[in-house]
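The next block holds one structure in the form of structure tokens; read it before the comments.
Predicted, not measured: the structure shown is a model, and the values here were computed from it. In what follows, chains are A, B, ... by sequence order, proteins preceding strands, each numbered from 1.
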Amino acid sequence: MLQINFIRQNIDLVKERLSVKNFGDLSLVDKVVDLDEKVRKLKAESETLQAQMNAASKEIGMLMGKGDKDAAEKKKQEVAQEKISIQQLSEQLAAAEKTLHDEIVKLPNLPHISVPKGKTPEENVVVREGGKKPTLPATAVPHWDLIKKYDLVDFETGAKITGSGFPLYKGKGAKLQRALIQYFLDYNTAAGYTEYLPPLMVNEATAYGTGQLPDKEGQMYHVTEDGFYLIPTAEVPVTNIYRDEIVKETDLPIKMTAYTPCFRREAGSFGKDVRGLNRVHQFDKVEIIQLVNPDNNSYDVLENMVNHVEKLLNFLELPYRILKLCGGDMGFTSALTYDFEVYSAAQERWLEVSSVSNFENFQTNRMKIRFKDATGKTQLLHSLNGSSLALPRIVACLLENNQTESSIELPKVLHTYFGSSKI
RNA sequence: GGAGACUUGUCCGAGUGGUUGAAGGAGCACGCCUGGAAAGUGUGUAUACGGGAAACUGUAUCAAGGGUUCGAAUCCCUUAGUCUCCGCCA
């Protein structure tokens, strides 16, 4: 959520930045400013009346204390009149505040100054590429065939148990998941991230905090009986750990990592993109999250996280590229996003495996995650997060890119974790 | 799932309708004391929003929401959470 004070003081800048994100309705900015003015006016009126009433009530209390019942009764009558107008005014105020809030949450985060203009994914900018695309044997096949050949994932039985898009990992396929999760977590904790294992279902307030509600409601599985949502990413429960908290400046930065399954309805998606492990309803992911002091440049932290994920891909010996997303392709809450894609050699296409973003204070404003600075002032933190990494597409690439006639050769870092150098 | 107890500031803990944003203590910060420290001692120590150049000031907040009342931390209702016992269960 953007800060209303900031909008009020930077109307033109806000509009200009929103246009980079191709935000359609710039008049919403004016609307929000008008609503804010209305709220403030009503608030001033209402509080003045309230102050009068509080003073009168105190007087009555004092009169009662002195035993002057008649005077107290008289005062009561007077106050009773005022009470009605206070009620009316506070109803108006509450309605105005709700309207303001409903409108302001529709405004997406402002993109960072360096975000390229653009509407479609084609306009994302390739920052750099790394790794080497392999030369595959003539007999090379996509991962969904390799999965069958080595009996790693049973999609059909997964569909029988739950539905399509719920893979059942099996044997070495299951073990590879475990090995990757373990490796990613070890790699992250070695870099100073604290490991968490959060609840996989969250309540409404939590889903709202990271911005999944209200606009991405359809993306999440909803347990209506209890009002819970299955998490679409560890970002949701983990960032909310600090919701409504004021932390000490000396505790910063807060670095957290978590492995969780992720659940996504992906309503309406189908076709060749969703074959095999390319897009599923349940998948495993390890996430990294940082809450940092906004006075230190949080974009340095973003670069740092990008380098962290990039090194991981180097260790996995996968060919990758890093994209800086254009305004139109960025998420609602993000100020700057880098996507990581790995090259799936048999499918001959790039697959997104990580998305690293700086949200500045957009999420923390919603969640009221703050710290006390040196002067004793409370300030919002900046939040950042990224995947390190999402497993299914990594697995797809590991399988495809490392296939030989009779085996799949795993990168060295996984040998100990997997207990073997090949499948 | 059933029965009961409870939920106050950073923490502990008073407080059953009236100058209570909230006693007291601990912690923390600053000062005094000290050669230095401990002890002692003094002062200060929530958040949000609004007004004001500032000093300061108004409103709200005692789990959350609603109600009764001129007035609620205190009374009533609803919800959530914690604990204890029973049931069930990995």
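Rounded to whole angstrom, the span from the NZ atom of A:K368 across to the C1' atom of B:rU61 amounts to 15 Å. The distance from atom CD of A:Q52 to atom P of B:rC70 is 18 Å, rounded to the nearest whole Å. Atoms NE2 (A:H101) and P (B:rA48) sit 17 Å apart, rounded to a whole Å. The CD atom of A:Q77 sits 13 Å away from the P atom of B:rG71 (whole-angstrom rounding). Put simply, CG on A:N203 is 20 Å from P on B:rA63, counting in whole angstrom units. Computed from coordinates, the A:I86 CD1 to B:rU69 P distance equals 15 Å when rounded to whole Å. Per the geometry, CG belonging to A:N365 stands 10 Å off P belonging to B:rC49, to the nearest Å.
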Distances for protein N or O near nucleotides 17-23 of chain B N or O, under 3.5 Å:
from   : atom 1 : to    : atom 2 : distance (Å)
B:rG18 : N2     : A:S57 : O      : 3.0

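Aromatic ring pairs are classed by plane angle as parallel below 30°, tilted from 30° to 60° and perpendicular above 60°; the pair A:H281 and A:Y221 is perpendicular. The aromatic rings of A:Y183 and A:Y417 are tilted relative to each other, their planes meeting at an angle between 30° and 60°.
The base-pairing partner of B:rG21, taking Watson-Crick or G-U wobble contacts with both distances under 3.5 Å, does not exist among the strands shown. With both pairing distances under 3.5 Å, B:rU43 is matched to B:rA29 as a Watson-Crick or G-U wobble pair. In this structure B:rG1 sits in a base pair with B:rC86, meeting the Watson-Crick or G-U test at under 3.5 Å. For B:rU68, there is no paired base (Watson-Crick or G-U wobble, both distances below 3.5 Å). Under the Watson-Crick or G-U wobble criterion, with both distances below 3.5 Å, B:rA14 has no partner in any strand shown. Both distances falling under 3.5 Å, in either a Watson-Crick or a G-U wobble arrangement, occur for no nucleotide opposite B:rG35. Pairing partner, B:rA54: none, since no Watson-Crick or wobble contact has both distances short of 3.5 Å. Of the nucleotides present, B:rC6 is the one that pairs with B:rG81 by Watson-Crick or G-U wobble criteria, both distances under 3.5 Å.
Comparing the C1' positions of B:rU20 and B:rU61 gives an interatomic distance of 13 Å, to the nearest angstrom. Distance noted for atom P between B:rU74 and B:rC62: 8 Å (whole Å). Nucleotides B:rG9 and B:rA5 have their P atoms positioned 22 Å apart, rounded to a whole Å. One C1' atom belongs to B:rC33, the other to B:rU43, and the distance between them is 15 Å to the nearest Å. Atom name C1', nucleotides B:rA23 and B:rG15: the rounded distance is 8 Å, in whole Å. B:rA54 and B:rG81 have their C1' atoms separated by 44 Å, with the value rounded to a whole Å. Taking atom C1' in both B:rA53 and B:rU59, one finds a spacing of 23 Å when rounded to whole Å. Taking atom C1' on both B:rG27 and B:rG18, the two are 33 Å apart, rounded to the nearest angstrom.
In this structure, A:D30 pairs ionically with A:K15, as a charged nitrogen and a carboxylate oxygen lie closer than 4.0 Å. A:E73 and A:K75 are not joined by a salt bridge, as no carboxylate oxygen comes within less than 4.0 angstrom of a charged side-chain nitrogen. Between A:K43 and A:E97 there is a salt bridge, since a side-chain N of the basic residue sits under 4.0 Å from a carboxylate O of the acidic one.
Considering only heavy atoms from C-beta on, A:V309 stays 4.5 Å or farther from A:Y187 through its side chain. Contact of the A:S85 side chain with the A:L49 side chain is registered, since non-hydrogen atoms from C-beta on lie closer than 4.5 Å. Looking only at side-chain heavy atoms (C-beta outward), A:I289 and A:T257 stay at 4.5 Å or farther from each other. A:N385 is not listed as a side-chain neighbour of A:V356, based on a closest heavy-atom distance of 4.5 Å or more.
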Determine, step by step, whether A:Y193 and A:H308 satisfy the ring-ring contact (aromatic ring centres under 6.0 Å, His included) criterion, reporting the C-alpha distance in whole Å, the side-chain angles of both residues, the deciding distance to 0.1 Å, and the verdict. CA-CA 11 Å; A:Y193 291 88; A:H308 179 81; 5.5 Å; yes
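Sorted by residue number, the members of residues 30-51 of chain A with any non-hydrogen atom under 4.0 Å from RNA chain B read A:R40, A:K43, A:E47, A:Q50, A:A51.
With B:rU47, B:rA48, B:rG50 as the candidates, the nucleotide lying closest to the side chain of A:K372 is B:rU47.
At B:rU59, one or more side-chain N or O atoms of A:N54 fall inside 4.0 Å of OP1 or OP2 (strictly under the cut-off). Between A:R370 and the phosphate of B:rA48, there is a side-chain N or O to OP1/OP2 separation shorter than 4.0 Å.
Nearest-nucleotide positions on RNA chain B place A:Q87 closer to the 5' end than the other of A:Q87 and A:M53. Of the two residues near RNA chain B, A:K75 and A:A55, the one whose nearest nucleotide lies more 5' is A:A55.
In summary, the side chains of A:E400 and A:S344 do present a donor paired with an acceptor at a separation below 3.5 Å, with no hydrogens or angles considered.
Cation-pi geometry between A:R366 and A:Y208 is satisfied (NZ or CZ under 6.0 Å from the ring centre, within 45° of the ring normal).
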